Participant: 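This is the structure I want to talk about, given as structure tokens.
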Amino acid sequence: MNPSSLPLFLILSALALLVVSFVAMRRSFLRRLAFRDATRRPGETVLVIAGSLLGTALITGSFIVGDTLDSSIRASATTQLGPVDEVVVASPDKAAEVESTIAGIEDDRIDGVLALTSASATVATSGDDPVAEAGAQMIEVDFDDARAFGGDAAATGISGSTPGDGEVAITEDLAATLEVTTGDEVVGYLYGREIDLEVTQVLPRLGVAGYWRGFETSSPNAFVAPGTFDEAIGSEMSGGAAPPQTSVLVSNRGGVEDGADLTTGVTSLIEDELGAGLRVEPVKQDMLDE
């Protein structure tokens with residue numbers, strides 16, 4: 001049960017108990033009738049009490065499950081989106097133009113724009129008995145820009161400097177799966193290439209560091225040096241592989257949840273500026289609407 005509704009529940013229960021007690025004291029006939037039936041038919045009395053307890057347990061359990069799911073989804077809004085309220089997915093050759101267009105909008109409802117490029121990858125430990133995460137997400141983003149996104153560096157989960165060549169910053173979810181920490185060596189498998197990487201940072205599942213668009217509650221992210229994707233792809237894309245995806249993230253004025261209240265207006269504003277062909281995805285509002 002939601003803690004905020006507990007005092008009201010106790011007050012209502014106390015009032016109901018007072019009403020029953022008052023009736024029992026003032027109406028002796030009803031009191032005698034109730035006790036007489038209970039003593040004459042103990043089996044039925046036990047069944048009635050057991051049924052009432054079972055019904056109460058089912059109702060209470062449904063409230064608990066509902067509140068748990070609600071809390072879990074709202075927690076994901078903080079840990080896997082943070083300051084990200086809307087997303088515009090663009091091809092890599094148009095991403096810079098899209099980012100520049102949105103950043104040029106003079107409206108105080110928008111307080112941050114950030115472009116990042118991501119791709120599905122496998123990250124594994126090195127050695128004879130490797131541990132792998134086949135559903136990892138590799139991300140290229142400038143860490144200085146990421147920290148400034150949304151105006152609250154603590155909400156982004158990003159710290160330190162942007163990984164350089166041969167370096168990777170991973171989230172705590174990926175570190176736990178691979179059982180690695182700062183200074184350990186891992187191998188990234190991207191577009192048919194093996195990339196040897198040294199873990200330089202372990203980041204929390206929070207905001208930009210925990211950015212994840214799937215249904216999972218964990219964020220196995222690996223942040224690599226800008227240019228890693230171009231080097232891995234080379235002149236040809238591996239057969240059937242999805243190309244890297246560039247997302248332009250938008251932050252609304254306000255906190256993690258109240259910023260989503262501006263989504264409708266901000267979405268319309270951005271779509272008017274971008275024109276046809278690009279869609280603004282209200283990712284935060286969609287998650288909270290769940």
Side-chain angles (χ1 to χ4, degrees), residues 69 72-82 84 87 89-92 114-141 143 146 156-158 162-163 166-182 184-234 237-249 281 283-284 286-287 290:
L69 289 174
S72 177
I73 292 172
R74 290 187 177 275
S76 294
T78 299
T79 59
Q80 296 186 301
L81 290 177
V84 182
V87 174
V89 178
S91 58
L114 175 70
L116 60 77
T117 304
S118 60
S120 298
T122 295
V123 181
T125 57
S126 57
D128 297 331
D129 188 19
V131 178
E133 172 54 76
Q137 176 178 231
M138 274 195 182
I139 299 176
E140 291 182 6
V141 67
F143 274 27
T156 66
I158 298 292
T162 306
E167 297 179 340
V168 63
I170 63 176
T171 57
E172 57 191 10
D173 292 327
L174 186 55
T177 299
L178 302 182
E179 299 180 352
V180 297
T181 188
T182 303
D184 290 339
E185 302 288 335
V186 297
V187 180
Y189 297 89
L190 182 68
Y191 299 116
R193 307 289 181 90
E194 292 186 15
I195 308 172
D196 294 324
L197 300 165
E198 178 185 354
V199 179
T200 56
Q201 292 185 75
V202 177
L203 303 173
R205 187 201 321 135
L206 179 66
V208 178
Y211 179 68
W212 192 265
R213 293 287 304 279
F215 293 105
E216 299 82 2
T217 56
S218 62
S219 302
N221 292 335
F223 293 85
V224 293
T228 300
F229 294 152
D230 290 338
E231 183 178 346
I233 294 171
M237 181 79 67
S238 301
Q245 183 180 78
T246 300
S247 301
V248 179
L249 315 181
E281 302 180 32
V283 291
K284 178 76 66 59
D286 286 347
M287 177 176 286
E290 297 266 343

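Values in this document were obtained by computation on a predicted structure and should not be read as measured data.
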Participant: Mind checking what makes ring pair (Phe, Tyr, Trp, His ring centres under 6.0 Å) contact with F143, not counting sequence neighbours?
Facilitator: F223

Participant: Would you indicate whether the side-chain heavy atoms of V283 and V84 approach each other to under 4.5 Å?
Facilitator: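 A side-chain contact under 4.5 Å exists here.
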
Participant: I need the T125 OG1 to E185 CD distance, nearest 0.5 Å.
Facilitator: 11.5 Å

Participant: Looking only at atom types and distance, does a side-chain atom of T171 sit under 3.5 Å from a main-chain N or O of G210, one as donor and one as acceptor?
Facilitator: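 Side chain of T171 to backbone of G210: no pair is present.
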
Participant: Of the non-hydrogen atoms in M138 and A121, which two are nearest, and what is the gap between them?
Facilitator: CG-CB, 3.9 Å

Participant: Hey, mind stepping through V199 and T181 against side chain to side chain contact (heavy atoms under 4.5 Å, CB included) and telling me if it holds?
Facilitator: CA-CA 7 Å; V199 179; T181 188; over 6 Å; no

Participant: Output yes when a side-chain donor or acceptor of E140 lies under 3.5 Å from a complementary backbone atom of T228, and no otherwise.
Facilitator: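 Here the side-chain-to-backbone pair exists.
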
Participant: Grab the two heavy atoms, one from T117 and one from P244, that are nearest each other, plus how far apart they are.
Facilitator: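 T117 and P244 have their closest heavy atoms at CG2-CB, 3.7 Å.
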
Participant: Could you tell me which residues satisfy salt bridge (Lys or Arg N to Asp or Glu O under 4.0 Å) with E281, sequence neighbours excluded, listed by chain and number?
Facilitator: R213

Participant: Answer yes or no: does atom CD of E231 have more than 12 heavy-atom neighbours from other residues, nucleotides or ligands under 6.0 Å?
Facilitator: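 No - once you tally the heavy atoms of other residues, nucleotides and ligands closer than 6.0 Å, there are 12 at most.
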
Participant: How long is the span from the CG atom in L203 to the CG atom in L174, to the nearest 0.5 Å?
Facilitator: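 If I round to the nearest 0.5 Å, the distance is 10.5 Å.
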
Participant: Find out whether T79 and S219 are in side-chain contact, i.e. whether some heavy atom of one side chain is under 4.5 Å from a heavy atom of the other.
Facilitator: no

Participant: Identify the two heavy atoms, one from A132 and one from T177, that lie closest to each other, and give their separation to 0.1 Å.
Facilitator: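 In terms of heavy atoms, the two residues are closest at O-CG2, 4.4 Å.
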
Participant: What closest approach, in Å, do P226 and T162 show between heavy atoms, and which atom pair accounts for it?
Facilitator: CD-CG2, 3.8 Å

Participant: How close do T200 and A169 get, counting heavy atoms only, and between which atoms?
Facilitator: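 What the structure gives for the nearest pair is OG1-N, 4.3 Å.
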
Participant: Considering non-hydrogen atoms only, spot the tightest contact between T156 and A146 and give its length.
Facilitator: CG2-O, 3.2 Å

Participant: Is any side-chain heavy atom of Y211 closer than 4.5 Å to a side-chain heavy atom of V141?
Facilitator: no

Participant: Would you say I170 and V180 make side-chain contact, with heavy atoms under 4.5 Å?
Facilitator: yes

Participant: If you measure from CG on L81 to CG on L206, what distance do you get to the nearest 0.5 Å?
Facilitator: 11.0 Å

Participant: Just verifying a value: how many Å separate L178 CG and D173 CG, rounded to the nearest 0.5 Å?
Facilitator: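 Between L178 CG and D173 CG, I get 11.0 Å after rounding to 0.5 Å.
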
Participant: Within the 4.5 Å heavy-atom criterion, are V89 and Q245 side-chain neighbours or not?
Facilitator: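 Contact flag for V89/Q245 side chains = yes.
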
Participant: Hey, does T246 have a side-chain heavy atom less than 4.5 Å from the side chain of P92?
Facilitator: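 Yes, at least one pair of side-chain atoms sits under 4.5 Å.
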
Participant: My understanding is that only one of I139, N221, L114 makes a side chain to side chain contact (heavy atoms under 4.5 Å, CB included) with V208; could you say which?
Facilitator: L114

Participant: Checking side chain to side chain contact (heavy atoms under 4.5 Å, CB included) between P220 and each of E133, R205, Q137, E172, which is the one that passes?
Facilitator: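 The residue from E133, R205, Q137, E172 that satisfies side chain to side chain contact (heavy atoms under 4.5 Å, CB included) with P220 turns out to be E133.
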
